[in-house]
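Input: a single structure, listed below in structure tokens.
Chain identifiers are assigned alphabetically (A, B, ...) following the order of the sequence lines, protein sequences preceding nucleic acid strands; residue numbering begins at 1 within each chain. Values below: all heavy atoms of this structure, side chains included; hydrogens, waters and symmetry mates excluded.
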Number of protein chains: 2
Amino acid sequence: MTKTKLRLPDRKVKVTLRDVALRADVSESTVSRIMRNEGLVAEATREKVMESVRALGYVPNRIAGSLASLETHLLGVVVPSLSNIVFPEVLQGINAGLRGSRYQAVISVSDYEMDHEETLVRGILAWQPKAILITGFDHTLATRRMLDQSGVRVVEMMEIDSAPIDIAVGMSHRRAGYAAGRHLVERGYRRFGYVGHDWTSDRRARQRYDGLSEALSEAGLSIVAHAIADGSSAIGAGKRQTALLRSMAEVDVAVYSNDDMAVGGIFHCMEAGIAVPDQLAIFGFNGLEIGRDLPRPLSTIRSNRFLIGQKSIEAILQAPERPATKTTIDTGFEIFAGATA
Amino acid sequence: MTKTKLRLPDRKVKVTLRDVALRADVSESTVSRIMRNEGLVAEATREKVMESVRALGYVPNRIAGSLASLETHLLGVVVPSLSNIVFPEVLQGINAGLRGSRYQAVISVSDYEMDHEETLVRGILAWQPKAILITGFDHTLATRRMLDQSGVRVVEMMEIDSAPIDIAVGMSHRRAGYAAGRHLVERGYRRFGYVGHDWTSDRRARQRYDGLSEALSEAGLSIVAHAIADGSSAIGAGKRQTALLRSMAEVDVAVYSNDDMAVGGIFHCMEAGIAVPDQLAIFGFNGLEIGRDLPRPLSTIRSNRFLIGQKSIEAILQAPERPATKTTIDTGFEIFAGATA
DNA sequence: CTGTTAGCGCCTTCAT
DNA sequence: ATGAAGGCGCTAACAG
């Protein structure tokens, strides 16, 4: 009795299935069945076992369970950022969709770095997730290969302008930009300015820009001034770039890469005493809450980030195995006229 | 040769350690060591093995690895919401702190429902995380017991006014409310209004309110009008409740439960032509970016959510095993005078 | 520097 | 309705 594996006094006593089974005087399989609500069990047995479970404070070990069943209920999620509110909104949709299901989300943030994204995807795949939700179509070759070969369901969220690995859920940013252009031309604007942020990390902003350019070009117009912030796409940058834009050329409307920057534009105009939309019209993208609550509602394009997350989950829950055909789900967008353009 | 486990044509071939070992003609342990960068290995062997790894597209199975080593590198995180920007900010801090470490975060959202939180915690604990980061001190009894008995590190984030299970990282909301009160009294305000949201789900807002009341009471003052929104604590609610507040009593300063609502107050004043701060002073809480970029910077108390996340991770990485003593880490707060009060 | 031997805690047949 | 046996893919000593 000198070297027996004694149960230590109180802490770190890891209670296993076996302990529960011994205490309840049944076999491990019985306990296992009861914990999983699977198969038939006599009510008396169930109660006896559950009593032990409670008494011992047993928490099933899913690591062991997953290894044995070769199945996890994990979902990998990769977003580029959390500082841009649109991604938390997508996560909310994911969360809502997951509510009540047996799945758990493992969330990672790539900081818009593709190499880091690759590392994250590798790390997630190592947990044998049932599916992986990732942002956009821009990935390293290795990431794309891993995702494809993993055989699990892959959702590429936010955009639908390219062919997905498996499923794409989002909207056409090119068409959104185009729609914005048409809308503004119809409203009589002629001298366009563009305020944006770094395109290398945000290809979707670029696509919107391209769509906008196309619409203008069809109307015989073009963008006469550009003010591009280096990194940030936030309100402060919007203020600064708006000031810059106005120093570059006479414009009657400024189109922003997103609502945050557009709100910055509005704040700049307030400070500088510029009448919106008479002296300068302002048009954003996203349809954030703040834009709606502004004294003068921001003209913008509304996308539905929550829906993107929710639809992504729905798609996966409906068909947990990857089929042969690719799917694209368009969550659409909508022009919100507002009062700033 | 009739019933051999043949490798299927292309998809779903799960490559295991064993496959790599066979192909490289070494033992499984050698491959294992190489994959984990552990122990000494001859360079030639390493190359041979890595070649196989690449050729087969081997991805280690962490489920099996964790079961064998009885260690995971998972961190459970539970936040009440993602729609309130402060929580994504905490997650950013967590994310930053995790960068470069071997840990992965499993994030769950409780929607401010304590019973759901309990379910989430149970689910997370089943994955045998190394630590769990949860929001605040309000939990069900069962949650508290599970966390305590799990023996893993537990960080309760955001507030420090109570005794933690293990570690608390955050600030004193009561002291912040008190500081706000003192500050405003010193600046000469006498008729206080309060605009807030549902306290039952946000005890920290309540604590700030209590601190504020205390400071006022010490100065022989009290809050003369309250406007409390049912659910939302967002900009729109702030607008509506500000209008309501002004219909209730004459106040010269309105203290808001957070910056979002305070921004709503400012927008209301803009629309209604109320001069801020001369006719109505406005004071928020959080120190959000938008408050700083407003034409007239919002007077508020700055907390540091990013730091809370970051410090939480630091604490865990420094001491992954739970010690006997409890720790409290104060991330502080700071009055930002601004221009609206 | 590399291989061998036992599990990790649970689930899945297959019996009973 | 319940039990027994084997194994999931990997790591951890311990040998060599």
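Taking the salt bridge (charged side-chain N to carboxylate O under 4.0 Å, His left out) definition, one finds that B:R18 meets it with B:E28, sequence neighbours left out. For A:H139, the side-chain hydrogen bond (donor to acceptor under 3.5 Å, both in side chains) partners at least two apart in sequence or on another chain are A:E117, A:E156. Listed by chain and residue number, A:E38 satisfy the salt bridge (charged side-chain N to carboxylate O under 4.0 Å, His left out) test with A:R36 (two or more places apart in sequence, or in another chain).
Summarising the geometry, the separation between CH2 on A:W127 and P on D:dG9 is reported as 16 Å, rounded to the nearest angstrom. Atom pair B:L40:CG and C:dG3:P shows a separation of 15 Å (rounding to whole Å applied). If you measure from atom NZ of B:K14 to atom P of D:dG7, you get 17 Å, rounded to the nearest angstrom. Atoms CG (B:D19) and C1' (D:dG9) sit 11 Å apart, rounded to a whole Å. Whole-Å rounding puts the A:L67 CG to C:dT12 P distance at 12 Å. Atom CD1 in B:I63 sits about 13 Å away from atom P in C:dC11, given to the nearest Å.
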Give the dot-bracket string for DNA chain D, reading 5' to 3', where a pair is Watson-Crick or G-U wobble with both distances under 3.5 Å, ( ) marks pairs inside the strand, [ ] marks pairs crossing earlier ones, | marks a partner on another strand, and . marks unpaired. |||||||||||.||||
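Residues from residues 45-52 of chain A with heavy atoms under 4.0 angstrom of DNA chain D, sorted by number: A:T45.
One finds a side-chain N or O of A:T30 lying less than 4.0 angstrom from the OP1 or OP2 phosphate oxygen of D:dG3.
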Walk me through it: do B:K311 and B:D330 pass the test salt bridge (charged side-chain N to carboxylate O under 4.0 Å, His left out)? CA-CA 10 Å; B:K311 287 277 180 198; B:D330 188 351; over 6 Å; no
What one-letter contact string describes nucleotides 10-16 of chain D from 5' to 3', where B marks a base within less than 4.0 Å of any protein heavy atom, S marks contact via sugar-phosphate atoms alone, and - marks no contact? BBBB---
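Screening A:H73, A:R153, A:E71 for a side chain to side chain contact (heavy atoms under 4.5 Å, CB included) with A:K130, the sole residue that qualifies is A:E71.
Residue-level contact check: B:L70 touches the backbone only, with heavy atoms under 4.0 Å from sugar-phosphate atoms and none from bases.
Using modelled atom types, one finds a donor on one side chain and an acceptor on the other under 3.5 Å when comparing B:R62 with B:Q104. Side chain to side chain, B:S29 and B:S32 fail the donor-acceptor criterion of an N or O pair below 3.5 Å. Checked by atom type, the side-chain pair B:H116/A:R99 shows a donor-acceptor distance below 3.5 Å. A side-chain N or O of A:T140 and one of A:E118 form a donor-acceptor pair less than 3.5 Å apart.
For the pair A:Y58/A:M35, a side-chain contact is recorded, criterion being any heavy-atom separation below 4.5 Å from C-beta on.
A salt bridge does not link A:D138 with A:R144: none of the charged nitrogens is closer than 4.0 Å to a carboxylate oxygen.
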